[in-house]
Amino acid sequence: MGNLLKVLTCTELDQGPNFFLDFENAQPTDGEREVWNQVNAVLQDSESILTALQAYKGAGQEIRDAIQNPSDIHLQEKAWNSVCPLVVRLKRFYEFSIRLEKALQSLLESLTCPPYTPTQHLEREQALAKEFAEILHFTLRFDELKMRNPAIQNDFSYYRRTISRNRINNMHLDIESEVNNEMANRMSLFYAEATPMLKTLSNATTNFVSENKTLPIENTTDCLSTMASVCKVMLETPEYRSRFTSEETLMFCMRVMVGVIILYDHVHPVGAFCKTSKMDMKGCIKVLKEQPPDSVEGLLNALKFTTKHLNDESTSKQIRAMLQ
């Protein structure tokens with residue numbers, strides 16, 4: 001605690017940690033490099049995943065035609081041939097979520113281990129903090145796109161129904177070697193979630209806490225609340241904001257802040273909204289509300305609809321009113 005007091009003045013302790021986290025230029029030190037390389041190998045694929053999801057149009061028309069004309073073999077084949085490549089793409093997204101889960105657990109291991117406090121970790125290991133932020137940024141963008149695309153679940157449901165029917169008729173299909181029954185079951189659970197990537201991260205963080213019984217849960221939740229606090233301070237401090245060279249970094253910072261709040265709310269026993277929480281929810285929501293409404297509507301909705309404890313009795317009426 002003595003070291004932490006050297007880092008933070010009394011006023012900063014009231015506000016939460018106060019330092020600039022260089023989301024634009026942080027480079028790994030020798031001590032961070034091994035974990036950084038491992039996580040970076042995963043993150044390199046994140047943009048292509050988002051591009052593929054953004055371009056996902058679905059096979060809605062072909063499926064409708066096939067269902068309306070059950071005896072037309074040509075239409076059945078057309079629907080099936082449209083859906084199969086889409087299912088392979090959905091498998092790629094799902095497999096990426098597994099890689100992301102492992103990457104997050106490696107970062108949590110590095111950013112929560114003694115003897116340093118979470119604040120000291122984030123300040124000293126900025127390249128790892130940046131990667132953690134990039135995972136959250138990707139997650140919110142992925143889930144936003146997925147929520148706006150009902151074709152994903154429709155296509156997958158059609159695929160599973162067709163596979164089951166063909167299995168009853170003893171037909172073997174080539175795609176089953178690519179997406180077998182067990183894989184289809186796991187993918188089905190993944191896509192049934194409104195925000196599947198966030199659910200993956202929540203589970204990864206919860207599992208990390210339960211598997212590391214010697215590590216106090218506060219090490220993990222404090223890492224999340226510190227990250228949220230740092231983002232909030234950077235967004236509301238003109239001196240820090242002026243150090244961003246790109247407008248996109250502001251949006252990045254806001255997404256990360258919302259991501260860690262949601263994660264904290266899922267992992268912490270009483271969540272992010274109660275009075276004893278280390279999250280300054282009023283401050284965080286206020287910062288979002290000061291931005292142009294178009295740019296933050298999705299983030300405010302994420303706080304409203306993907307958190308776990310917002311509607312608990314312990315949440316103040318003021319916070320609920322701010323999110324109306």
Side-chain angles (χ1 to χ4, degrees), residues 1 3-8 12-13 16-43 46 99-140 197-198 200-234 252-253 255-269 272 277-280 284:
M1 189 65 189
N3 289 341
L4 181 56
L5 289 173
K6 286 178 202 163
V7 178
L8 305 175
E12 284 166 344
L13 276 171
N18 182 348
F19 58 86
F20 184 77
L21 213 168
D22 192 351
F23 284 141
E24 292 179 336
N25 304 305
Q27 294 299 316
T29 60
D30 290 344
E32 295 168 88
R33 194 165 299 280
E34 190 183 337
V35 173
W36 188 90
N37 284 341
Q38 184 193 332
V39 176
N40 189 49
V42 177
L43 283 170
S46 64
R99 293 172 64 207
L100 204 65
E101 188 175 354
K102 289 184 180 138
L104 179 74
Q105 290 191 321
S106 296
L107 286 174
L108 285 173
E109 222 164 90
S110 296
L111 293 170
T112 58
C113 62
Y116 300 118
T117 65
T119 301
Q120 289 167 324
H121 272 298
L122 292 171
E123 197 169 13
R124 294 163 66 99
E125 293 149 45
Q126 294 222 349
L128 295 186
K130 179 176 182 272
E131 286 192 318
F132 183 30
E134 281 172 6
I135 287 177
L136 290 159
H137 185 244
F138 163 82
T139 295
L140 264 72
M197 284 292 173
L198 201 59
T200 299
L201 294 199
S202 297
N203 288 347
T205 311
T206 308
N207 291 344
F208 173 78
V209 168
S210 58
E211 283 161 17
N212 291 275
K213 293 191 172 28
T214 56
L215 191 74
I217 186 172
E218 290 75 32
N219 286 38
T220 304
T221 53
D222 285 2
C223 176
L224 301 174
S225 60
T226 302
M227 181 77 104
S229 183
V230 168
C231 288
K232 178 183 79 79
V233 170
M234 289 203 296
F252 180 90
C253 217
R255 269 212 186 92
V256 172
M257 181 177 78
V258 169
V260 275
I261 290 169
I262 296 168
L263 210 48
Y264 181 100
D265 194 56
H266 279 259
V267 173
H268 195 281
S277 156
K278 289 193 177 176
M279 286 286 181
D280 172 12
C284 292

K.L.:
Closest heavy-atom contact between R33 and P28?
P.N.:
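Taking every non-hydrogen atom into account, NH2-O, 3.2 Å.
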K.L.:
Pairs under 3.5 angstrom only: tabulate donor-acceptor contacts from the side chains of residues 107-115 to other protein residues two or more places apart or in another chain.
P.N.:
{"residue": "S110", "atom": "OG", "partner": "S106", "partner atom": "O", "Å": "3.3"}
{"residue": "T112", "atom": "OG1", "partner": "L108", "partner atom": "O", "Å": "2.6"}

K.L.:
Flag the pair F208 / L104 as yes when at least one side-chain heavy-atom distance between them is below 4.5 Å, and no otherwise.
P.N.:
no
K.L.:
Taking everything shown except E34 itself, do over 12 heavy atoms lie less than 6.0 Å from its CD?
P.N.:
no
K.L.:
The criterion is salt bridge (Lys or Arg N to Asp or Glu O under 4.0 Å); which residues satisfy it with E101, sequence neighbours excluded?
P.N.:
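Salt bridge (Lys or Arg N to Asp or Glu O under 4.0 Å) check on E101 returns nothing, list empty.
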K.L.:
Just by modelled atom types, is the W36 backbone N or O under 3.5 Å from a matching donor or acceptor in the N40 side chain?
P.N.:
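No, N40 side chain to W36 backbone: no donor-acceptor pair under 3.5 Å.
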K.L.:
With the side chain counted from C-beta on, respond yes when M279 and D265 share a heavy-atom pair under 4.5 Å apart, and no when they do not.
P.N.:
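The answer is no, as the side chains (C-beta and beyond) never meet within the 4.5 Å cut-off.
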K.L.:
Y116 and side chain to side chain donor-acceptor pair (under 3.5 Å): which partner among E123, R124, E125?
P.N.:
R124
K.L.:
So how far is it from R255 CZ to C231 SG, rounded to the nearest 0.5 Å?
P.N.:
13.0 Å
K.L.:
Is the side chain of S229 donor-acceptor paired with the backbone N or O of S225 at a distance under 3.5 Å, no angle test?
P.N.:
no
K.L.:
Is there a side-chain contact between T220 and C223 (heavy atoms, below 4.5 Å)?
P.N.:
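A side-chain contact under 4.5 Å is absent here.
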K.L.:
Would you give the length of the straight line joining atom CD of E211 to atom OG1 of T206, rounded to the nearest 0.5 angstrom?
P.N.:
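If we round to the nearest 0.5 Å, E211:CD and T206:OG1 are 10.5 Å apart.
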K.L.:
Measuring from atom CG of L201 to atom CD of Q105, what distance do you get when rounded to the nearest 0.5 angstrom?
P.N.:
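Between L201 CG and Q105 CD, I get 10.0 Å after rounding to 0.5 Å.
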K.L.:
Tell me whether the rings of H137 and F252 are parallel (<30°), tilted (30 to 60°) or perpendicular (>60°).
P.N.:
tilted
K.L.:
Are P269 and I217 close enough that some pair of their side-chain heavy atoms sits under 4.5 Å apart?
P.N.:
yes
K.L.:
From I262 CD1 over to L224 CG, what is the distance, rounded to the nearest 0.5 angstrom?
P.N.:
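So the CD1 of I262 and the CG of L224 are separated by 12.0 Å.
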K.L.:
If you round to the nearest 0.5 Å, how far is CD1 of I135 from CG of L140?
P.N.:
13.0 Å
K.L.:
When rounded to the nearest 0.5 angstrom, what distance separates NE2 in H268 from OG1 in T205?
P.N.:
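If I round to the nearest 0.5 Å, the distance is 13.5 Å.
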K.L.:
Are any non-hydrogen side-chain atoms of L100 and T139 less than 4.5 angstrom apart?
P.N.:
yes
K.L.:
Tell me if a side-chain donor or acceptor on E32 pairs with a main-chain N or O of A127 at a distance below 3.5 Å.
P.N.:
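Checking the backbone N and O of A127 against the side chain of E32, a donor-acceptor pair under 3.5 Å is found.
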K.L.:
Could I get the full list of salt bridge (Lys or Arg N to Asp or Glu O under 4.0 Å) partners for K278, not counting sequence neighbours?
P.N.:
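Here the qualifying residues are D222.
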